[in-house]
Amino acid sequence: MTTVGILGGGQLARMLALSGAPLGVRFLVMDTSAEACAAQFAPMVVGDYRDEAMLAEFASRIDVATFDFENVPAESARWLSARVPVFPSPRALATAQDRLAEKTLFRELGIPVPDFAPVATRGELDAAVARIGTPCILKTRRLGYDGKGQFRLRAAADVAPAWEALGAQAGKVGLILEAFVPFERELSVVAVRGRDGDFRTWPLTENWHVDGVLSASLAPAAVDAALEATAVAHARALAEALGYVGVFALELFCRDGVLLANELAPRVHNSGHWTIEGSETSQFQNHLRAVLGLPLGDTRLVGRACMLNWIGEMPDPAPVLREAGGHWHDYGKSPRAGRKVGHATLRADAAVELADALRRVGEGLGRQAQVAPVVARLSA
Ligand code: AMP
């Protein structure tokens with residue numbers, strides 16, 4: 001019996017455990033909280049990721065380790081990798097944890113990125129804003145997610161409040177200033193690479209964010225074959241450069257038909273949740289196949305799918321469950337403002353059917369605004 005160790009016990013670990021059950025895999029999850037929602041499906045080791053005694057116990061009980069959370073200290077991943085195989089590798093994790101290292105790698109690989117500059121001091125921020133111009137975004141290099149650790153500068157006068165908000169982080173996690181991209185669309189490519197180098201991608205997904213947090217995803221994104229091929233080539237270049245094993249997502253902005261890379265998420269990704277019902281093989285199952293050295297599954301679509309995120313609290317499931325292609329995912333978390341507590345996926349064979357289902361669900365839940373951009377795209 002093979003045991004997969006997962007660092008981080010959130011909804012991603014929970015969905016990995018659920019998708020691994022048919023493979024006969026066991027799991028052991030490490031998290032700082034015994035309340036982590038994966039604990040409902042897998043035994044836990046509870047403790048600090050830097051605690052070597054805890055890591056040693058974890059390592060002694062697993063055959064291979066992976067992550068549900070990219071902010072696990074890179075040193076802990078390296079420490080573990082001296083004892084058990086760790087996928088993705090600590091090197092890939094370290095690159096993806098640092099927005100500066102990540103963007104530098106994108107550039108080296110010829111993947112276009114928004115203009116950026118590292119910022120360590122107030123003087124460097126002034127110089128970076130003068131060079132890049134406004135609007136722009138100041139971000140922490142590390143530990144930011146879902147729009148946290150970010151400050152948007154509309155004009156040069158915003159430099160002082162931006163430094164006020166994030167300057168204290170400059171010495172701790174570092175800062176990066178990025179040009180603001182007035183994108184037409186946000187897209188992501190979710191990809192998987194096996195231990196043998198086999199590489200696959202799911203069809204491109206279009207994503208909508210509210211306050212920096214993913215609100216809805218639609219697959220397949222309506223893009224032409226050339227754009228899709230470019231996104232896949234970027235993902236493949238990254239996977240090969242990093243010797244990546246497992247699933248990752250490359251988040252992209254599309255502007256005037258050009259793709260600019262925003263970030264690499266070194267794990268299964270929220271914009272790939274639709275693959276559970278909308279693809280022959282889900283991102284969770286393929287991540288496990290990759291880290292276990294099993295053949296990867298087919299990533300083809302089954303119809304079309306839209307995922308809606310539930311943030312803060314779970315809505316009434318009935319309007320989704322009434323739909324022929326309605327699927328419900330409650331992560332078993334207690335409600336809290338801004339927290340991802342669940343999602344729904346609606347699946348249909350045709351765009352018009354999916355748009356109709358989304359309209360009904362939007363009305364049934366009083367969430368017309370959440371479904372509106374997706375319905376508009378499906379109806380275009
Ligand atoms: P991130 O944490 O970098 O993925 O940012 C969260 C969200 O903020 C993105 O999905 C975008 O909607 C927005 N965002 C981040 N960086 C930029 C940028 N350089 N230009 C425009 N929007 C951005």
Side-chain angles (χ1 to χ4, degrees), residues 10 12 69-71 93 95-107 111-119 125 128-129 131-155 158-159 162 165-166 169 173-190 204-219 221 231 234-235 238 248-273 307-309 311 338-340 343 369-370 373-374 377:
L12 302 178
F69 173 59
E70 70 256 48
N71 290 323
L93 186 73
T95 305
Q97 278 177 345
D98 179 356
R99 291 185 191 273
L100 182 63
E102 180 177 86
K103 289 216 161 56
T104 305
L105 176 64
F106 292 161
R107 251 192 197 156
I111 301 172
V113 286
D115 200 1
F116 65 90
V119 168
L125 178 60
V129 173
R131 183 175 71 73
I132 290 174
T134 53
C136 52
I137 307 191
L138 185 64
K139 300 181 178 179
T140 55
R141 276 171 57 178
R142 297 169 183 278
L143 304 177
Y145 65 98
D146 287 346
K148 294 182 178 66
Q150 300 192 5
F151 193 100
R152 293 193 185 190
L153 293 85
R154 285 171 185 78
D158 291 336
V159 168
L166 295 177
Q169 301 294 319
V173 290
L175 301 174
I176 181 171
L177 186 78
E178 295 177 14
F180 181 85
V181 182
F183 52 79
E184 289 112 37
R185 295 199 271 176
E186 285 195 78
L187 302 166
S188 59
V189 52
V190 181
L204 242 66
T205 303
E206 179 165 5
N207 303 307
W208 289 267
H209 291 79
V210 174
D211 298 330
V213 183
L214 187 65
S215 169
S217 292
L218 174 68
H234 291 343
L238 278 167
F248 66 94
L250 175 62
E251 298 178 12
L252 301 156
F253 299 132
C254 182
R255 190 189 177 202
D256 296 334
V258 174
L259 294 174
L260 297 173
N262 176 37
E263 72 176 338
L264 166 73
R267 52 174 168 74
V268 285
H269 192 251
N270 200 166
S271 72
H273 289 0
M307 190 248 14
L308 300 170
N309 252 357
I311 313 290
R339 192 176 207 197
K340 290 178 177 171
H343 76 267
Q370 188 175 3
V374 191
R377 183 71 78 225

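Only a predicted model underlies this, so the values are computations on that prediction, with no experimental measurement involved. Each ligand, and each atom within it, is numbered from 1 in the order the structure gives.
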Colleague: Who gets closest to atom 16 (N) of ligand 1 by heavy atom: Lys139, Arg99, Gln150?
Modeller: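 Shortest heavy-atom distance from atom 16 (N) of ligand 1: Lys139.
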Colleague: So which bit of Ala179 gets within less than 4.0 Å of ligand 1, heavy atoms only: side chain, backbone, both or neither?
Modeller: backbone
Colleague: Relative to the heavy atoms of His209, which atoms of ligand 1 are at a distance of less than 4.0 Å?
Modeller: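 Those of ligand 1 that fall under 4.0 Å from His209 are 10 (O).
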Colleague: Specify whether His343 and His273 have parallel, tilted or perpendicular ring planes, treating 30° as the upper limit for parallel and 60° as the lower limit for perpendicular.
Modeller: tilted
Colleague: Roughly how far, to the nearest 0.5 Å, is the CD1 atom of Ile137 from the CG atom of Leu177?
Modeller: 9.0 Å
Colleague: Taking atom types as modelled and ignoring hydrogens, do the side chains of Ser215 and Asn309 form a donor-acceptor contact shorter than 3.5 angstrom?
Modeller: no
Colleague: Please work out whether any backbone atom (N, CA, C, O) or any side-chain heavy atom from C-beta onward of Arg255 is under 4.0 Å from ligand 1, and answer side chain, backbone, both or neither.
Modeller: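 Answer for Arg255: neither.
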Colleague: Against heavy atoms of Glu186, which atoms of ligand 1 measure under 4.0 Å?
Modeller: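 In order of numbering, the contacting atoms are 9 (C), 10 (O), 11 (C), 12 (O).
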Colleague: Quick test of your reading of the structure: of Phe180, Trp208, Phe253, Phe116, whose heavy atom lies closest to atom 17 (C) of ligand 1?
Modeller: Phe253
Colleague: For the CG atom of Leu105 and the CG atom of Asp98, what is their distance to the nearest 0.5 Å?
Modeller: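 Here the interatomic distance stands at 11.5 Å.
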Colleague: Which of the atoms of ligand 1 are close to Glu178, meaning less than 4.0 Å from one of its heavy atoms?
Modeller: 16 (N), 19 (N)
Colleague: Supply the atom-to-atom distance Leu175 CG to Lys139 NZ, rounded to the nearest 0.5 angstrom.
Modeller: 12.5 Å
Colleague: Would you mind listing which atoms of ligand 1 come within a distance below 4.0 Å of any non-hydrogen atom of Val181?
Modeller: 18 (C), 20 (N), 21 (C)
Colleague: At under 4.0 Å between heavy atoms, is it the side chain or the backbone of Asn207 that contacts ligand 1, or both, or neither?
Modeller: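 Within the 4.0 Å criterion, Asn207 makes no contact with ligand 1.
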Colleague: To the nearest 0.5 Å, what is the distance between CG (Leu166) and CD (Gln150)?
Modeller: 9.0 Å
